There are 2 protein chains.
Amino acid sequence: MEYSEAKERYIEAWGSLGSSWGVNRTMAQIHALLMIATEPLSTEEIMEDLKISRGNANMNIRALLDWGLAKKVLKLGERKEYFVTDKDPMVLAAQVAKERKKRELDPIIRLLDEVSSVKGESKEVQEFKKVTTDLKGFAKQADSVINTFIQSNSNWFFKILGKITR
Amino acid sequence: MEYSEAKERYIEAWGSLGSSWGVNRTMAQIHALLMIATEPLSTEEIMEDLKISRGNANMNIRALLDWGLAKKVLKLGERKEYFVTDKDPMVLAAQVAKERKKRELDPIIRLLDEVSSVKGESKEVQEFKKVTTDLKGFAKQADSVINTFIQSNSNWFFKILGKITR
DNA sequence: CATAACTTTCAAATATTATTGAAAATAAAA
DNA sequence: TTTTATTTTCAATAATATTTGAAAGTTATG
């Protein structure tokens, strides 16, 4: 396969995968581009490569910075901003896990805490309490696993899992 | 908190969480409703409760069946179809993991396999190969963890993790 | 200070996705 | 077979999300 075709397919696939890990298509495509870049990219280069507008590029680069999935680097004597991403998949996964936990898991745990304290004794209320309490317990377990995962900065997680799941 | 309020908030939250695990809002809301139901629900009851159209209800119930997140039950002597869901969060998680693996992880592994075999020796191609190969390795590790998780049908996963992450 | 280089904003336009509702299809019962 | 209950389909519509592009904002430099 030719490089240009491979690159195009990879960027497109990464883009549509974006929604899986909670980011929009362009954001994921910019990330994909940064992953395979051999040096920091400017907004201009990103715009050109993905054929997107300046506003769009800017917005989504900011979003990546916000997610901790890209960082700004400055080139000596240049005014323009350049961007890079960490290329280690493990670091990427940990960062995504961290942000999604913050945006999704934490709020749902708070909500389940509130609603599971509902008052009443009817069959419906009893079932509701049971279900929401079970979900909360599960969410908290997941939370603590993710926390440990985030804290770690190497492959220990998969190494140990590898042994367990063999 | 009153039951009606708790129920409403829980369903709404579950609905907006839906996009997190890759399903649309209505589908997640129907699932939420089935989770707290004390008996099987018919399409009619779901429509009424969520105030959605028949077409919408039908489409999303089919989607839940397709994901393995709901199943049809028949009441003796009744023509209508009723639906239930498994209420164990662990079973839910395993089912979602299974479907998402099929829909997202498997295709991306196949793609990475193809594109990482790109021809060429330039700096760009070398970097591209390295990144896509690393991603593929990571994806395969994730895949094997998920496979083991899917196979299991109890809490062993969290029990062991609990010990590791303490 | 004035100009130029660059970044950010945001209203309008586009594109994408979800929902409705009524008609068509299906299948049990009369 | 005909009627009736129920489910499915799908074109039209509505709702949501994304993208554009030009103007406004910011900051470095002469």
Side-chain angles (χ1 to χ4, degrees), chain A residues 11-34 40-67 69-84 103-104, chain B residues 11-34 40-67 69-84 103-104:
Chain A
I11 288 177
E12 200 182 307
W14 207 250
S16 51
L17 201 64
S19 57
S20 313
W21 39 285
V23 311
N24 78 35
R25 206 181 74 236
T26 303
M27 190 172 153
Q29 288 184 337
I30 296 175
H31 181 260
L33 201 54
L34 292 175
L41 299 179
S42 67
T43 304
E44 302 274 339
E45 290 164 324
I46 291 166
M47 286 166 58
E48 251 179 58
D49 218 324
L50 300 178
K51 287 156 178 60
I52 58 175
S53 71
R54 181 173 302 285
N56 195 9
N58 183 265
M59 288 252 278
N60 287 106
I61 289 169
R62 295 308 126 189
L64 281 173
L65 294 174
D66 194 45
W67 272 69
L69 292 175
K71 66 173 196 268
K72 206 182 284 194
V73 299
L74 299 168
K75 285 195 181 177
L76 245 83
E78 289 224 37
R79 252 172 96 177
K80 235 183 291 206
E81 296 176 334
Y82 289 81
F83 305 94
V84 294
R103 290 161 203 250
E104 294 158 17
Chain B
I11 288 177
E12 199 182 308
W14 206 249
S16 49
L17 200 65
S19 57
S20 313
W21 40 284
V23 311
N24 78 37
R25 205 180 74 236
T26 303
M27 189 173 154
Q29 287 184 338
I30 295 175
H31 181 260
L33 200 55
L34 292 175
L41 300 180
S42 67
T43 304
E44 302 275 337
E45 290 164 325
I46 292 166
M47 287 167 58
E48 249 180 59
D49 218 324
L50 300 178
K51 288 155 179 59
I52 58 176
S53 71
R54 182 173 301 285
N56 196 9
N58 184 266
M59 288 254 278
N60 287 106
I61 289 169
R62 295 308 128 188
L64 282 173
L65 294 174
D66 194 45
W67 273 69
L69 292 174
K71 66 173 196 267
K72 207 182 282 194
V73 297
L74 299 170
K75 285 196 183 175
L76 245 82
E78 288 226 36
R79 254 172 92 175
K80 234 184 292 208
E81 296 176 333
Y82 290 80
F83 305 94
V84 294
R103 289 159 203 249
E104 294 158 18

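Each chain gets a letter, A, B and so on, in the order the sequences are listed, and its residues count up from 1. As the structure is a computational prediction, the values presented were derived from the model and not from experiment.
Between the CD atom of B/Glu45 and the C1' atom of D/dT6 there is a distance of 14 Å, given to the nearest Å. Atom CG in A/Asn24 sits about 12 Å away from atom P in D/dT20, given to the nearest Å. Here D/dA17 presents its P atom at 16 Å from CE of A/Met27, a figure rounded to the nearest Å.
Shortest non-hydrogen contact noted between A/Ile30 and A/Leu50 is CG1-CD1, 3.6 Å.
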Report the C-alpha separation of A/Leu33 and A/Trp14 in whole Å, then their side-chain angles, then the decisive distance to 0.1 Å, and conclude whether the side chain to side chain contact (heavy atoms under 4.5 Å, CB included) test is met. CA-CA 10 Å; A/Leu33 201 54; A/Trp14 207 250; over 6 Å; no

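Interatomic distance, CG of A/Asn58 versus CD1 of A/Ile52, reported as 10.0 Å (0.5 Å rounding). Between the CE atom in A/Met47 and the OG1 atom in A/Thr43 there is a gap of 8.0 Å [rounded to 0.5 Å]. Atom CD in A/Glu44 sits 4.5 Å away from atom CZ in A/Arg54 (nearest 0.5 Å).
Between A/His31 and A/Trp21, the ring planes are perpendicular. Angles over 60° get that label, and only those under 30° would be called parallel.
For DNA chain C, the contact window with chain B, defined by any atom under 4.0 Å from a protein heavy atom, covers C/dA18 to C/dA28 in 5' to 3' order.
The main-chain N or O of B/Ser42 is found under 3.5 Å from a side-chain atom of B/Glu45 such that the two form a donor-acceptor pair.
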Under 3.5 Å, which protein N or O atoms sit close to an N or O of nucleotides 7-11 of chain D? Give each pair with its distance.
residue, atom, partner, partner atom, Å
D/dT7, OP1, B/Glu81, N, 3.0
D/dT8, OP1, B/Arg62, NH1, 3.4
D/dT8, OP2, B/Asn58, ND2, 2.4
D/dT8, OP2, B/Arg62, NE, 2.8
D/dT8, OP2, B/Arg62, NH2, 2.6

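Both A/Glu78 and B/Thr26 lie near DNA chain C, and the one whose nearest nucleotide falls closer to the 5' end is A/Glu78.
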Extract all donor-acceptor atom pairs below 3.5 Å that involve side chains of residues 70-78 of chain B and protein atoms in other chains or at least two apart in sequence.
residue, atom, partner, partner atom, Å
B/Lys72, NZ, B/Glu81, OE2, 3.0
B/Glu78, OE1, B/Tyr82, OH, 3.2
B/Glu78, OE2, B/Tyr82, OH, 3.3

